[in-house]
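These notes are about the structure you will find just below.
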Amino acid sequence: MKTIIEPFKIKSVEPLRFTTESERTDLLRIAHNNPFYLRSDDVLIDLLTDSGTTAMSSKQWAAVMDGDEAYAGSRSYFAFEDIVRDLTGFSHIIPTHQGRAAEKILFSIIGGEGKYIPNNTHFDTTRANIEFSGAKAVDFLTDIGKSPETIADFKGDMDIPTLIDFIEEVGRENIPLIMITVTNNSGGGQPVSMANIRAVRRVCDTYNIPLFLDACRFAENAYFIKLREPEYAHRTARDIAREMFSYADGCTMSAKKDGMVNTGGFLAMNDEEWAMKARNVLIITEGFTTYGGLARRDLEAMALGLDEVLDENYLHYRIRSTEYFGEKLTAAGVPLMLPTGGHAIYIDAKRFAPHIPVHQFPGQSVVCAIYRHGGIRSCEIGSLMFGKTDAHGVHQAPPMELVRLAIPRRVYTQSHIDYCIEVICEVYEQRHHLRGMTLQYEAPFLRHFTARLEYI
Ligand SMILES: *Cc1c(COP(=O)(O)O)cnc(C)c1O
């Protein structure tokens with residue numbers, strides 16, 4: 001087998017700014033040991049998120065120039081609507097400025113006190129929007145999906161028996177819809193099988209509950225189905241994606257992921273009455289129905305992005321290059337959550353720095369060390385992000401302490417990734433020097449964004 005190369009060549013480049021380790025030591029101190037406070041100019045390779053960090057193609061940039069900025073009835077809207085309808089089959093396509101705006105609109109219509117929204121795992125903004133409406137967000141991930149050391153094909157699958165028990169317990173009238181997140185971002189970017197989507201659909205049919213996809217990474221999920229579900233091996237990713245959408249009654253989408261743009265999203269559905277209500281909320285909160293919160297040129301870029309993401313040369317490279325990153329680290333003994341998902345690798349900080357207790361933020365200590373050593377920015381997903389202090393001042397840790405290195409789409413080449421592998425391996429060799437941390441400041445909500453930490 002030959003090397004899998006980046007399936008693009010580079011027309012426009014952006015220089016990287018190099019810093020020294022001693023500069024980064026100072027920068028990190030000034031940033032209170034929280035890389036969210038760093039200026040991106042001080043970051044060499046930014047793996048903080050894959051959201052909105054995509055490199056657009058020359059065709060997308062050309063389409064941006066060609067956007068029709070009419071307030072109503074823009075040609076760019078119809079180009080976007082055609083692409084989304086062709087892909088998803090949904091009747092009503094409502095553009096929004098990003099994914100959470102679609103969530104906000106959907107749950108302000110169908111959420112509310114006494115309602116429950118099941119999902120394999122809700123993403124934070126989805127959960128927050130559901131709970132803001134007064135409803136409860138509930139997760140039904142399989143046990144395998146919750147086990148970081150178990151290698152399995154579809155660790156994003158919904159736990160169907162538990163879902164059914166739950167519906168029986170709270171009553172179908174209290175469940176306005178069921179969601180499936182593809183791929184399961186909060187669970188490590190793990191895919192959901194077509195068999196599982198079909199099984200959830202059957203549950204929805206039995207109880208007459210609509211099914212919505214959180215479709216942010218629909219193309220990566222489709223490609224995993226092609227690779228791992230034998231009956232789909234000879235189908236195209238586009239065909240598989242269409243089948244995934246065919247089992248759903250609607251979707252929310254952040255196009256900052258598989259839409260291959262820097263901002264954008266949409267809400268789509270078949271139900272006429274819900275769509276009418278959604279458009280009314282859209283007009284109040286986002287903008288007119290033919291632009292959402294976007295410039296019309298953004299709709300052009302999104303339409304093309306949704307098409308380009310299904311190119312199998314791209315998807316092959318995307319999934320394989322993430323796997324390559326994970327493979328090399330695993331070979332060096334670095335403990336990861338396995339198998340690697342679509343958009344990121346996750347270091348298991350509990351095994352990376354077992355000498356640091358969870359209340360001293362082992363993940364954040366690894367995040368800081370990786371930045372200090374190599375200028376790479378990553379993100380803690382563990383006690384800093386999800387931990388809580390109870391009434392007795394005791395730290396309540398989440399089940400896992402992870403460090404996420406998310407890979408922007410089409411931005412970094414293999415040599416950038418090889419460099420990241422070297423840096424992480426060197427930090428791993430010196431892991432015994434990693435020290436625990438303590439919080440100096442925390443905000444009441446989403447504390448990881450603004451927290452200030454100090455070494456113990
Ligand atoms: C990013 C994301 C969202 C929210 O989208 P934004 O564009 O960031 O508002 C929702 N669900 C999942 C699974 C995501 O990854």
Side-chain angles (χ1 to χ4, degrees), residues 36 47-54 84 94-108 111 117-133 137 139-141 145 155-158 177-192 197 211-222 224 241 244-245 248 250-268 282 285-286 292-294 298-299 301-302 305-306 309 318 322 341-346 379 381 385-386 402 404-409 446 448-449:
F36 276 103
L47 306 184
L48 186 68
T49 176
D50 68 321
S51 176
T53 51
T54 306
V84 177
I94 298 166
T96 60
H97 78 277
Q98 60 183 89
R100 69 197 68 184
E103 293 165 354
K104 170 80 177 132
I105 292 170
L106 179 64
F107 295 113
S108 65
I117 313 287
N119 201 331
N120 47 355
T121 312
H122 287 284
F123 182 66
D124 351 343
T125 60
T126 323
R127 175 178 301 281
N129 274 303
I130 290 168
E131 292 183 347
F132 187 76
S133 83
D139 294 342
F140 296 103
L141 190 64
K155 292 174 76 173
D157 280 359
M158 184 92 92
L177 59 80
I178 293 173
M179 288 188 100
I180 307 177
T181 303
V182 293
T183 59
N184 185 21
N185 184 3
S186 306
Q190 300 293 327
V192 181
I197 298 174
L211 174 62
F212 269 55
L213 295 183
D214 178 336
C216 298
R217 296 179 184 79
F218 73 95
E220 290 171 9
N221 199 88
F224 276 118
M244 286 163 50
F245 284 112
C251 74
T252 56
M253 173 76 189
S254 167
K256 298 170 74 172
K257 324 307 176 26
D258 274 352
M260 306 285 253
V261 288
N262 304 119
T263 198
F266 58 86
L267 172 63
L282 183 84
T285 58
E286 288 274 296
L294 295 164
D298 294 332
L299 295 167
M302 195 166 28
L306 290 166
V309 75
R318 171 77 177 160
T322 306
H343 67 287
I345 61 149
Y346 295 75
C379 182
I381 301 188
M385 189 181 273
F386 295 125
L402 301 174
R404 184 182 77 176
L405 295 115
I407 307 165
R409 290 167 182 77
L446 298 172
H448 58 286
F449 286 122

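Here the structure is a predicted model, which is why all the values come from computation and not from measurement. In each ligand, atom 1 is the first atom listed, and ligand 1 is the first ligand listed.
Inclusion of Gly99 in the set of residues having an N or O under 3.5 Å from an N or O of ligand 1 is warranted. Of the polar atoms of Thr181, none of the N or O atoms is found under 3.5 Å from an N or O of ligand 1, judged by distance alone. The shortest N or O to N or O distance between Lys256 and ligand 1 is not below 3.5 Å.
Both the sub-6.0 Å distance and the 45° axial angle are not jointly satisfied by Lys155 relative to the ring of Tyr346.
Put simply, no part of Gly265 is less than 4.0 Å from ligand 1, judged by heavy atoms.
Checked by atom type, the side-chain pair Asp258/His343 shows no donor-acceptor distance below 3.5 Å. In this structure, a donor-acceptor pair under 3.5 Å is absent between the side chains of Thr263 and Gln98.
Nearest non-hydrogen protein atom to atom 11 (N) of ligand 1 is Asp214 OD2, 2.8 Å. In this structure, the protein non-hydrogen atom closest to atom 3 (C) of ligand 1 is Phe123 CD2, 3.3 Å.
Among the candidates Glu131, Lys104, Glu103, the single residue satisfying the side chain to side chain donor-acceptor pair (under 3.5 Å) test with Thr126 is Glu103. A ring pair (Phe, Tyr, Trp, His ring centres under 6.0 Å) with Phe218 is found for one member of Phe245, Phe224, Phe266 and no other, namely Phe245.
One option in Arg217, Arg100, His97 has a heavy atom closer to atom 8 (O) of ligand 1 than any other, and that option is Arg100.
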